[in-house]
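Okay, so here's the structure we're looking at.
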Amino acid sequence: MIWSKLFIPTLRENPAEAEVPSHQLLLRAGYIRQLSAGIYSYLFLAQRSLLKITQIVRQEMDAIGAQEMLLPALNPAEVWQESGRWDIMGDNLFKLKDRFGRDLCLGMTHEEVMTTIARGELRSYKQLPQIWYQIQTKFRDEPRPKSGLLRVRQFIMKDSYTFDMDAAGLDAAYDKHYQAYCRIFDRCGLEYMVVEAHSGAMGGSQSHEFMVASDAGEDFVAVCPGCGYAANLEKAVAAPQPPALADPEGDRAPEEFHTPGRKTIAEVAEFTGLPESSQMKSLVLVADGKPVLVMLRGDHQLSEAKFGMIANDPEFRPAQADEIQAWFGAAAGSLGPVGVKNMPILADRALEGRRNMIAGANKDDHHLRHVTPGEDFRAEFHDLRQVAEGDVCGKCGGTLDVRKTVEVGHIFKLGYKYSESMGLRVLNADGKEVTPIMGSYGIGIERILCAAIELFHDKDGMILPAAIAPFQVVITPANNSDGAQAEAARGIYQQCLALGIDALLDDRDERPGVKFKDADLIGVPWRIVVGKKLASGMVELVDRKTRQATDVAVGEAPALVKQRLR
RNA sequence: CGGGGCGUGGCUCAGCCUGGCUAGAGCGCCUGGUUCGGGACCAGGAGGUCGGUGGUUCGAAUCCACUCGCCCCGACCA
């Protein structure tokens with residue numbers, strides 16, 4: 001296409017509202033404009049790039065036998081009420097009413113609608129398995145949209161849904177998606193990792209996330225460089241490590257001591273001269289309306305996701321000061337497990353086998369020493385702690401890293417949640433009604449673009465992988481008012497088109513510096529500069545990433561680009 | 001929803017504290033000219049209800065109240 005005819009509103013300066021690199025560059029490079037918080041218009045360049053991404057997604061989905069559909073974004077409340085998500089999703093679901101006062105919502109995913117179609121039409125095991133997908137706009141009333149296109153209220157998602165007769169079928173469908181996702185992200189040029197994920201409110205047994213490491217991300221992932229173990233921090237497990245100081249031996253009885261004004265783990269550690277790992281941390285939580293005492297090693301953090309799963313209430317809350325006072329007779333700085341009878345005690349596995357530790361005495365300004373789990377109090381042991389940087393890998397004994405990431409894809413085994421609640425049944429070979437098992441799988445289309453920009457940019461702009469760049473090559477006559485240069489550039493442009501290369505001819509009447517800056521900014525991977533060397537039949541082929549410039553014969557440039565694009 | 005910050009030509013910002021000239025600068029834009037290998041130069045020009053409403057005042061971009069919007073941190077999060 002011809003640059004002088006296009007609308008590519010590049011900006012010299014960074015708009016003030018943008019913080020993360022992808023947001024700044026998308027605005028500066030004229031890809032997007034904001035309409036409202038978390039709502040963006042995708043201009044020509046963004047749309048071109050997104051179309052390339054969706055095309056790759058489409059090809060790889062089709063390759064695993066998935067069938068593309070397009071479902072309504074506008075949904076009646078009924079189907080969401082049936083699945084229970086009308087209430088569960090709360091304010092995150094965009095809800096509206098039509099003129100007759102009927103409740104509607106804008107879909108955030110499409111389990112309900114897909115299941116509605118399936119239950120109306122699927123009758124026999126002979127029709128299974130099915131893989132259905134769509135690439136469609138989703139809506140979420142995010143409490144806080146942020147970071148440009150990374151967290152928005154309206155975005156494009158590829159979502160697919162599988163229906164199988166049994167767990168083995170689901171395993172196969174899941175694996176197909178796993179492989180397809182790898183091919184998609186590979187083709188998009190992303191560096192990513194696949195991590196075990198917490199399946200959260202969606203239920204289901206297994207779940208993986210496809211993550212791109214980036215400071216702009218919001219998810220934390222624990223990775224082991226040694227063995228490749230990788231898991232979302234919500235789910236990650238680390239091997240137990242010995243405490244900083246060995247426990248005192250012997251069968252000692254708890255013994256109260258005065259700790260005036262020492263409330264935090266750190267204060268008590270300083271006061272006693274014992275490391276934090278010699279203490280127990282007591283947290284009082286209210287799950288399902290009932291109090292629970294959670295015990296952790298002093299230097300450990302609670303994983304809210306893990307507790308939510310175990311307590312079977314993701315909406316749990318910390319107890320309030322007055323509740324704690326009523327239940328324990330002491331304030332939060334002096335709580336402990338000894339003598340607690342009015343609530344269950346959950347303890348982290350790191351406390352299993354420990355002896356003679358420090359804990360609160362349930363008496364203000366007092367603690368107990370020589371508290372031994374299992375002897376001085378009874379607890380149910382679970383993995384409750386959140387893994388931290390530097391913890392020991394549970395698989396290989398290496399050291400775990402914690403990385404900030406952007407989630408670009410998520411696959412999970414739904415199980416029977418929707419097929420059950422919405423009444424999807426088919427007849428099996430024995431003529432018996434059975435409930436198919438489902439999976440669901442998502443890819444954030446814009447997030448692929450954002451993640452690529454976060455991964456690949458420099459001070460001058462984006463360095464997009466060729467597969468998702470809006471153009472593959474830009475042809476820049478240094479001086480377009482030089483007839484020979486303009487003509488040669490046009491010739492090269494035509495040849496590129498003939499070779500099937502997505503080419504952009506920068507015929508603008510601008511100084512070369514302006515054109516170079518713009519080309520760098522919008523992230524086109526290759527540039528052919530037609531300049532003074534044209535006199536000797538040469539043009540320059542420039543690699544956006546390495547900045548390496550090679551002089552090549554005018555006639556050979558298009559073929560060379562073609563070759564490099566492979 | 002809690003905390004913080006910011007709203008002044010298309011963009012980046014100054015002016016506000018301490019009210020008073022015609023509301024400014026750089027970039028961008030338009031016209032003409034000179035230029036042409038990393039965001040040129042000269043000359044001329046267009047463009048602003050200072051987010052909105054109300055108040056205080058002889059007088060408000062500036063002070064006060066309310067309100068709307070945007071950004072950041074937290075809470076929240078298929």
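The analysis underlying the following values was restricted to heavy atoms, covering all of them including side chains, and did not include hydrogens, waters or symmetry mates.
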Scan [X] against the nucleic acid and name what it touches under 4.0 Å (heavy atoms): base, sugar-phosphate only, or nothing.
X      : answer
A/R153 : nothing
A/D518 : base
A/E19  : sugar-phosphate

Carboxylate-amine/guanidinium proximity below 4.0 Å for [X] and [Y]:
X      : Y      : result
A/K235 : A/D383 : no
A/K515 : A/E510 : no
A/K146 : A/E218 : yes
A/R317 : A/E304 : no
A/K545 : A/D543 : no
A/D460 : A/K517 : yes
A/D171 : A/K176 : no

Go through [options] for me and flag the one nearest to the [X] side chain.
X      : options                : result
A/P143 : B/rG37, B/rC76, B/rG38 : B/rC76
A/A37  : B/rC70, B/rC72, B/rC77 : B/rC70
A/R28  : B/rG39, B/rG38, B/rC72 : B/rG39

Using the [atom1] atoms only, state how far [M] lies from [N], rounded to an integer number of Å.
N      : M      : atom1 : answer
B/rG9  : B/rC72 : C1'   : 27 Å
B/rA60 : B/rA14 : P     : 24 Å
B/rC21 : B/rA61 : P     : 9 Å
B/rU49 : B/rA23 : P     : 12 Å
B/rC76 : B/rC66 : C1'   : 29 Å
B/rG52 : B/rG69 : P     : 15 Å
B/rC29 : B/rU12 : C1'   : 16 Å
B/rG32 : B/rC73 : P     : 48 Å

Under 3.5 Å, which N/O atoms of the protein pair with N/O atoms of nucleotides 6-11 of chain B?
none

In whole Å, what is the span from the [atom1] atom of [X] to the [atom2] atom of [N]?
X      : N      : atom1 : atom2 : result
A/L27  : B/rC70 : CG    : C1'   : 13 Å
A/E218 : B/rA75 : CD    : P     : 11 Å
A/R144 : B/rC70 : CZ    : C1'   : 12 Å
A/F155 : B/rC77 : CZ    : C1'   : 11 Å
A/I8   : B/rG28 : CD1   : P     : 18 Å
A/R85  : B/rC77 : CZ    : P     : 14 Å
A/K517 : B/rC27 : NZ    : P     : 17 Å
A/K533 : B/rG37 : NZ    : P     : 12 Å

Which atoms of nucleotides 32-36 of chain B (N or O only) lie under 3.5 Å from a protein N or O atom, and what are those distances?
{"unit_1": "B/rU35", "atom_1": "O2", "unit_2": "A/R511", "atom_2": "NH1", "d": "2.8"}
{"unit_1": "B/rC36", "atom_1": "O2'", "unit_2": "A/N479", "atom_2": "ND2", "d": "3.4"}
{"unit_1": "B/rC36", "atom_1": "N4", "unit_2": "A/S481", "atom_2": "OG", "d": "3.1"}

Side-chain donor-acceptor contact under 3.5 Å, A/T109 with A/R85:
yes

Could you verify whether a donor N or O on one side chain and an acceptor N or O on the other, from A/E454 and A/H457, lie under 3.5 Å apart?
no

Quick one: the side chain of A/D460 and the base of B/rG38, do they pair up donor-acceptor inside 3.5 Å?
no

Let's test your reading of the model: under 3.5 Å, does the base of B/rC77 pair with the side chain of A/R151 as donor and acceptor?
yes

Considering just the side-chain nitrogens and oxygens of A/Q34, establish if one lies under 4.0 Å of OP1 or OP2 belonging to B/rC71.
yes

Less than 6.0 angstrom from the centroid, inside 45 degrees of the normal: does A/K413 satisfy that with respect to the ring of A/Y174?
yes

Residue matched to [N] through Watson-Crick or wobble contacts both under 3.5 angstrom:
N      : answer
B/rC13 : B/rG24
B/rU31 : B/rA43
B/rU49 : none
B/rC63 : B/rG55
B/rG19 : none
B/rC6  : B/rG69

Evaluate the side-chain proximity of A/Y31 to A/I522: yes if any heavy-atom separation is below 4.5 Å, no if none is.
yes

How long is the straight-line distance from CG of A/D299 back to CD1 of A/I265, given to the nearest 0.5 Å?
9.0 Å

